[in-house]
Participant: 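Sharing a structure with you now.
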Amino acid sequence: AEVERVLMSKGISSDGVGITKEDAANVTSISTWFKGNTTIQTFDELQYFTGMTTIPKNAFAGCTNLKSCKIPDSVTEIGNDAFASSGIESIVANGVVKINAASFNACSDLTSVDIPNAQYINGLDDKYGAFNNCTSLRYVNMPNARTIDSTSFTRCPIENDQILLHLETLGKDVFNYAQFSKLVAPKLKTIGNTSFSKCDNLEVMLLRDIESIAGYSNYETFRDCTKL
């Protein structure tokens, strides 16, 4: 009801009565229509907004009661702070290639992220990574990631092993506090400082093309990795 109310107020309805799937498909941007809306709880209807290629900056920021949102496969990019500090619990984004800084920053209820085609997961000036401080995030699937910027998963207790066959660059503080036991990244060339600090379940790393490990000389990169 809340989704329909907002969309009706923006003149999306073709008949003035309700929102059809055709109406939804004709929308190319939802701008910040829902930013800070604490009434909205689900937006599974977003899957019908197939004219959208981007979830805009701040689109659902501060939507603290938003638990579910189905992203259409037409979306290839998620903007800065798009879901920041929202109540979102899981994300499936099959078409997304790029996730920008702070897109899901401080989403404390987020437990699962499935982004099978994401290649670029961005941060901003060594802070405000895409999933920074998602303290309940335990499952992440991103097999096609090529670049993961600084703090992208800082303080995320990710448990599933990471098989990242295309990963080339890993920024600062990316996986600190992660709980997975194995990382496979044969194309990884650079690792930022403290990227794996306090990964106390990490036991195996399979790397082949490493050229640079920041902080390696003073053990900062793998600080408190007691099983490695």
Side-chain angles (χ1 to χ4, degrees), residues 2-3 6-7 10 27-47 49 51-115 117-137 139-142 145-158 170-177 192:
E2 178 62 10
V3 168
V6 172
L7 294 174
K10 300 300 180 181
V27 176
T28 57
S29 176
I30 56 171
S31 187
T32 53
W33 297 347
F34 295 93
K35 180 184 178 183
N37 187 318
T38 56
T39 301
I40 183 175
Q41 296 181 12
T42 65
F43 194 177
D44 292 343
E45 304 92 334
L46 189 65
Q47 65 186 304
F49 286 64
M52 291 175 50
T53 59
T54 301
I55 303 295
K57 178 180 180 180
N58 291 314
F60 299 103
C63 295
T64 53
N65 290 309
L66 177 63
K67 301 299 182 184
S68 175
C69 183
K70 292 187 177 180
I71 298 175
D73 290 348
S74 59
V75 170
T76 59
E77 183 173 353
I78 299 179
N80 293 3
D81 298 283
F83 290 89
S85 300
S86 71
I88 202 74
E89 294 179 345
S90 66
I91 283 292
V92 177
N94 291 321
V96 167
V97 175
K98 183 179 181 181
I99 300 179
N100 286 304
S103 292
F104 296 88
N105 182 55
C107 290
S108 58
D109 294 328
L110 184 63
T111 62
S112 174
V113 170
D114 192 359
I115 44 174
N117 292 300
Q119 297 181 30
Y120 308 102
I121 302 170
N122 296 339
L124 180 65
D125 299 329
D126 289 341
K127 57 184 177 180
Y128 306 121
F131 296 92
N132 178 56
N133 211 29
C134 292
T135 53
S136 298
L137 183 55
Y139 176 82
V140 176
N141 179 45
M142 50 177 179
R146 295 179 182 276
T147 299
I148 304 177
D149 278 352
S150 296
T151 71
S152 286
F153 294 97
T154 293
R155 294 186 179 275
C156 298
I158 302 168
L170 198 65
K172 177 183 177 183
D173 293 328
V174 171
F175 286 122
N176 58 8
Y177 293 92

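The structure displayed is predicted, hence computed values, not measured ones.
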Participant: Do the side chain of Asn80 and the main chain of Asn100 share a donor and acceptor less than 3.5 angstrom apart?
Facilitator: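 Looks like no, no N/O pair under 3.5 Å.
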Participant: So does Met52 get a backbone contact from the side chain of Ser74, meaning a donor-acceptor N/O pair under 3.5 Å?
Facilitator: yes
Participant: Nearest 0.5 Å, please: how far is OG in Ser103 from NZ in Lys98?
Facilitator: 10.0 Å
Participant: CZ/Phe34 to CG/Leu46 distance, rounded to the nearest 0.5 angstrom?
Facilitator: 8.5 Å
Participant: Which heavy-atom pair separates Asn58 from Lys35 by the least distance, and what is that distance?
Facilitator: O-CB, 3.4 Å
Participant: Quick one: does Asp109's side chain have a donor or acceptor within less than 3.5 Å of a partner on Ile88's backbone?
Facilitator: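 Judged by distance alone, no pair lies under 3.5 Å.
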Participant: What heavy-atom pair brings Asp149 and Thr147 nearest, and what distance separates the two atoms?
Facilitator: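 That would be OD1-CG2, 3.5 Å.
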Participant: State the CD1-CD1 distance between Ile30 and Ile55, to the nearest 0.5 angstrom.
Facilitator: 5.5 Å
Participant: Which heavy atom of Ile40 sits nearest to which heavy atom of Val3, and what is that distance?
Facilitator: CD1-CG2, 3.6 Å
Participant: List the steps, then state whether side-chain contact (heavy atoms from CB on, under 4.5 Å) holds for Ile78 with Phe104.
Facilitator: CA-CA 10 Å; Ile78 299 179; Phe104 296 88; 4.0 Å; yes
Participant: Rounded at 0.5 Å granularity, tell me how far CG in Asn105 sits from OG1 in Thr151.
Facilitator: 8.0 Å
Participant: For the side chain of Thr54 and the backbone of Pro56, is there at least one donor-acceptor N/O pair under 3.5 Å apart?
Facilitator: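 Answer holds: no.
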Participant: Using the benzene-type ring in the case of Trp, are the ring centres of Phe49 and Phe43 under 6.0 Å apart?
Facilitator: yes
Participant: Would you indicate whether the side-chain heavy atoms of Tyr120 and Val97 approach each other to under 4.5 Å?
Facilitator: yes
Participant: Determine the minimum heavy-atom distance between Ile158 and Val140, stating which atoms define it.
Facilitator: CD1-CG2, 3.8 Å
Participant: Using a 3.5 Å distance criterion without hydrogens, assess whether the side chain of Ser90 forms a donor-acceptor pair with backbone atoms of Ser112.
Facilitator: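 The answer is no, because no donor-acceptor pair under 3.5 Å joins these two groups.
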Participant: Please report the shortest heavy-atom distance between Trp33 and Val6, naming the atom on each side.
Facilitator: O-CG1, 3.8 Å
Participant: Can you check whether Phe153 reaches Ile148 side chain to side chain, under 4.5 Å on heavy atoms?
Facilitator: yes
Participant: So do Asn94 and Ile71 actually touch side chain to side chain, heavy atoms under 4.5 Å?
Facilitator: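 They are not in side-chain contact.
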Participant: Between the main-chain N or O of Leu66 and the side-chain N or O of Ser86, is there a donor-acceptor pair closer than 3.5 Å?
Facilitator: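 Not confirmed, Ser86 side chain does not pair with Leu66 backbone.
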Participant: If you round to the nearest 0.5 Å, how far is OG of Ser108 from CG of Leu137?
Facilitator: 11.5 Å
Participant: Taking all atoms of both residues into account, what is the closest heavy-atom pair of Ser150 and Lys172, and its distance?
Facilitator: OG-N, 2.8 Å
Participant: Using side-chain heavy atoms (C-beta onward) and a distance below 4.5 Å, is Leu110 in contact with Ile91?
Facilitator: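 The answer is yes; the side chains approach within 4.5 Å.
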Participant: Would you give the length of the straight line joining atom CG of Asn65 to atom OG1 of Thr42, rounded to the nearest 0.5 angstrom?
Facilitator: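 These two atoms lie 11.5 Å from each other.
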Participant: Between the side chain of Asn133 and the main-chain N/O of Ala106, is any donor-acceptor distance below 3.5 Å?
Facilitator: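 Checking the backbone N and O of Ala106 against the side chain of Asn133, no donor-acceptor pair under 3.5 Å is found.
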Participant: Is the closest side-chain heavy-atom distance between Tyr128 and Asp81 below 4.5 Å?
Facilitator: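 Heavy-atom side-chain distance check fails, nothing below 4.5 Å.
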Participant: Does the side chain of Phe131 reach to within under 4.5 Å of the side chain of Ile99, using non-hydrogen atoms?
Facilitator: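 With C-beta onward as the side chain, the pair touches.
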